[in-house]
Amino acid sequence: MSLAYRSYRHFRQQRGAAPATALWCWLLQGLCWLLLPLEGPAWRRALDTPGGAFAHLDGRRLRFGDPLRVAIQAAWLLLVRTPAERARPRAQRLKAAAGGRWRRLWQRGRQAAGAYAATLHRLPARVRGSAPWQALRRRANGLRPRSRRWLTAALALLAAGLALLCVTEPFGYLAQFVFVLLMWVIAMVVRRLPGRLSTLVLAVLSITVSCRYLWWRYTATLNWNSPLDFACGMILLAAETYSWLVLMLGYVQTIWPLQRKPASLPADLSRWPSVDVLIPTYNEDLALVRHTVYAAMGIDWPKDKLRIHILDDGRRPAFREFAQAAGVGYIARTDNRHAKAGNLNHALPQLKGELVAIFDSDHLPARSFLQVTVGWFLRDRRLALVQTPHHFFSPDPFERNLGIFRHTPNEGELFYGLVQDGNDLWDAAFFCGSCAVLRRAAIDDIGGFAVETVTEDAHTALRLHRRGWHSAYLRIPQAAGLATGSLAAHVSQRIRWARGMAQIFRIDNPLFGKGLSVFQRLCYANAMLHFLAGLPRLVFLTAPLAFLLLHVYIIYAPALAILLFVLPHMIHASLANARLQGVYRRPFWGEVYETVLAWYIARPTTLALINPKKGAFNVTAKDEVQSQDWFDWRIAKPYLLLAALNVVGLGFAAWRLAHGPADEIGTLIVSSLWVLYNLLIIGGAIAVAAEVRQLRRSPRVSARLPAALRTADGHMHACTLSDFSDDSVGLELAAALDLAPGTAVSLLLHRGTREFVFEGRVQRSLGRRLGLRLDAMDTRRQIDFVQCTFARADAWLDWHDGFRLPSLVSSLLSVFALGGRGYLRLAEHPPAVLRPPLRQLGRLLRWLASFLPRPALPLRPAMRPSAPGSTP
Amino acid sequence: MSSLALHGVRGGAGTSSLLAGLGYALHQLGQRVLLVDLCPENLLRLHFNLDLALEAGWARADLDQRPWHEAAYRVLPNLHLLPYGRVSPGEYRSLEQRLAQAPERWAQRRQNLEERFDWVLFDLPQRLPGHVRPFLGHDGCRLQLRTVNVDPACYALLALRGDEPPHGERLLVNRYDPAHPLERDLMQVWLDRYEDRLVPQAVHEDTAMREAMAHQMPVGHHAPHSLAAKELASVATWCLAQVARRGRGAEVQA
Amino acid sequence: MNTPLPIRATREDDIANLRQSLQLPQFNYVDFSAHREREEALQRWPLLRELDRIEAAGRAAAAERVGA
């Protein structure tokens, strides 16, 4: 807006104002010129700011309230801050604001921190290289085995005594404070040290502090005098004991991941075992299964030793025809007893291979799958199972709805990245139903796949271990599939797992019975306990309400004592787990994952524990498409209830703060903080329930593979394959090509040393980006295409490159932000009854907000539209 | 520093275009490059926009008893070209005889040139053993590449040569078209049979290559984003790596 | 354009990438599909079959000479 007189006609015609508005603006304009020195320098500076100080009013119809908006904006520009200041990047302004002295101090501090970190990083190597350490080692190695045993026993006894002391000694406030401070300082120093020793130290610190916490809880915080207090306190204590147990077992399970490497196969092909590849299916689309079969047909294995079979429990003629056409086996049965396990068991007598590889019908094996996994079977004659990770190339509902696909590890990452690898150390890696190879003789030895529970995989592995067979885990993604499409499907899948694990826990408890080592028992027990997390989680989400709503002292201790015990317990557990779990789980995100499932697995696991025979098998539906954004109220309902309860709790807290006794203030604050934390975690769970629309039915996998494009005129263009799906690809060219949609082109892809050409048509073309849809392909071409994309040996190896190790604090904040977002999402998807009034409210708010002043847009050269068609 | 000889298994395999593109790619990698045309057809200059009427070249100079090195042209800073020169059939036959009798002449020249450039590339002719001998074999160029097209004739020439392939000779595949079933199949056979002799980067059939010559430019300059240009750049990188590795090997042996 | 490009062929070889990622440069891998395709190729084209036999014989003779 520049300073010039505007006529009434200008207002009417140029700005489209209604007659009354135009008149009123024209009059006001005159008044302004009369009363204000608009030609003065201050006014000029304010009003002639580049980009227009009134950009938000430009380019739209003049409205009646606009003079007021202009006045507010002008006042704001004059009084508050200059637009130029605002336009500068925040970092620059900060830099300028902080004086040179502070900056120097800050830099020096950072340098010191860097030097400190570097010193600690080098420390282990320097200690190992130092003379005293070497001398000590020599002395220790010189000891006779007998004396060494004695020494170890003496040290262990000493450590146990110390541990007992640390755990049980009652301290006053000050002593406890000094104790936890010391522990914390040690942890803060140790966590900077590289290597497994420091991981062990962090775990030991966490174990000590947590044991001390639990001891304190049992000995000093129960109110035996009031029955209600005692009952509620015991419930919370039981939940805490469960968490403590899972924490301890988790340390056992993950403290030393084996990181097993594949074993090479012998050069003599006659020694390679024969393999049956089984693809069980029940209700999946043929389009999906077809790709799995094509990928399986491309597995590099001697042709006479590889048989592929579709095990169709749906008894569909189309599948039979397809199998015949593709030249693979087709096995169907007359009933569906025992679901997948029954399906596999029915097929076994008809197979002759020494090994059985199993893929769910949507898991595409890489061509190297068997050569990577089978080597160990030749090395260990008692090996019954080699499991590889379940890898998903489409986002699961958490990843999609929270927008964290490929930069934050997903829920399964912890299990397949760390837990199974840790299990492998104790020979306790277990079967996960797909992407695994089993020894036929071992399955026959236990009488086929276990059918008693709905998680036949884990139960089968348990039986194998009981019979003395071994298992192995290779943390190399050599197959990939589709993740569950919707949150509801995801939840129902987890319900099945939880129920199955609870069933196994009841009917074939790994802690008892013969054939297992202590650590195998612990690993299996933890795997099953993990799924019993539902009830304890619900207890934690409601526990502070007991005090706020019912005035029940669930932890019968002063607030300060609670803080001095609880916080160290939580902090050390987080530090140790962040170190152990590394890139496989972002700290605190597990809380959200667990909370979403808590309500749904609480009931089935409890029921399964009471009566393991009940409960039907339900197949996980995997390929639904979310055609639009929507909010899954059905799934979110329990969490909305929990959130409401916690909000009520906050209200009670405010009321008690105002009217309650003064000595309760500490407890009130602690409880309120707990409620707030719970609210944010519940918010995270609610955020997941807001389903985000899926654009495509067949998910696109992003990639960076060299490729080439040939156009009809014989030109070849080097390009990069940036994404692919079943029948289309996205390309990134080095220079823009002018190709109309529908143009026929050829695509050149590589795999290994070979090259493949696929015909296709341009679907869309945007600058250097090109979308191609491939023409219909025959079986051979289909196999080739799958082999060049999904089934490459290296297709999923660099999947984790996008993951970074976040700091604990930033991770905690991200979870809180997630919680906040959950409530915002909720507001975006209000229930139908509330929609009209909310819309009105939104309009009112928007109208009011339109009066708010806003920063003038800076006019940067970059924003100038570039000349069309001029490409550099 | 290094020299490279490019020799077609048969005529018309696209050797000159390849040499022009490879020289340009090496130059793009920051190397000082000289391209020498040893073919009496004198076509290499066409890739560098030299005047068609120009008669100068090393052969012309040799015949006229003038200093041969004065016939070199600077195409770009650090990219030079030494054409063959306009010579009649009778003249190049007599030159062939002379060269056959005195093979040390070009060996000497090669050494001199190698001292002035990072890379000297030689485009070798067919059926002129005297022209060719100083560059091949044990005392020949550092890298000796044979251009092959993926066709049965080239395979026949390679397989029926009778003698053993010279030690260190590598095969550079040119004009490969994987859409062609026969070429695909033959490539499959070669990948197995000549696994250790093939340059790990084949150059594909790409119209840009021919069009570059029609524009009197090497392909990397005419169509830098074409597949052929990218592949030649990659071959150039391979050449550098190859020489670096051999250099290290020599040091270790010493 | 002036930065040296990696040799394209090495980025394209998925098995080489697998070996590198596993840090097992010696990992044994047999590319059966390539073998199969080569066999089919030799079946299809008589001249190629013939030439390949000659080359194989030459190789064997050379290996023998080196061995002797």
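Here is how names work: the chains are called A, B, and so on, in the same order as the sequence lines, proteins then strands, and each is numbered from 1. Values in this document were obtained by computation on a predicted structure and should not be read as measured data.
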note = F790(A) meets the ring-ring contact (aromatic ring centres under 6.0 Å, His included) criterion, sequence neighbours left out, with F393(A), F724(A)
Engaged part of F758(A) at the chain B interface, taking heavy atoms whose separation is under 4.5 Å = neither
Do chain A and chain B have donor-acceptor pairs under 3.5 Å, and which are they?
{"unit_1": "R710(A)", "atom_1": "NH2", "unit_2": "D177(B)", "atom_2": "OD1", "d": "2.5"}
{"unit_1": "D713(A)", "atom_1": "O", "unit_2": "T207(B)", "atom_2": "OG1", "d": "3.2"}
{"unit_1": "G714(A)", "atom_1": "O", "unit_2": "T207(B)", "atom_2": "N", "d": "3.0"}
{"unit_1": "G714(A)", "atom_1": "O", "unit_2": "T207(B)", "atom_2": "OG1", "d": "2.8"}
{"unit_1": "H715(A)", "atom_1": "NE2", "unit_2": "E211(B)", "atom_2": "OE1", "d": "2.9"}
{"unit_1": "H715(A)", "atom_1": "NE2", "unit_2": "E211(B)", "atom_2": "OE2", "d": "3.2"}
{"unit_1": "M716(A)", "atom_1": "N", "unit_2": "D206(B)", "atom_2": "OD1", "d": "3.1"}
{"unit_1": "M716(A)", "atom_1": "O", "unit_2": "L227(B)", "atom_2": "N", "d": "2.9"}
{"unit_1": "E755(A)", "atom_1": "O", "unit_2": "R184(B)", "atom_2": "NH1", "d": "2.2"}
{"unit_1": "E755(A)", "atom_1": "OE1", "unit_2": "H204(B)", "atom_2": "NE2", "d": "2.4"}
{"unit_1": "E755(A)", "atom_1": "OE2", "unit_2": "H204(B)", "atom_2": "NE2", "d": "3.3"}

remark   = Between A708(A) and L227(B) the two heavy atoms that sit nearest each other are CB-CD2, 3.6 Å
ask   = For L748(A), is it the side chain, the backbone, both or neither that has a heavy atom under 4.5 Å from a heavy atom of chain B?
value = side chain
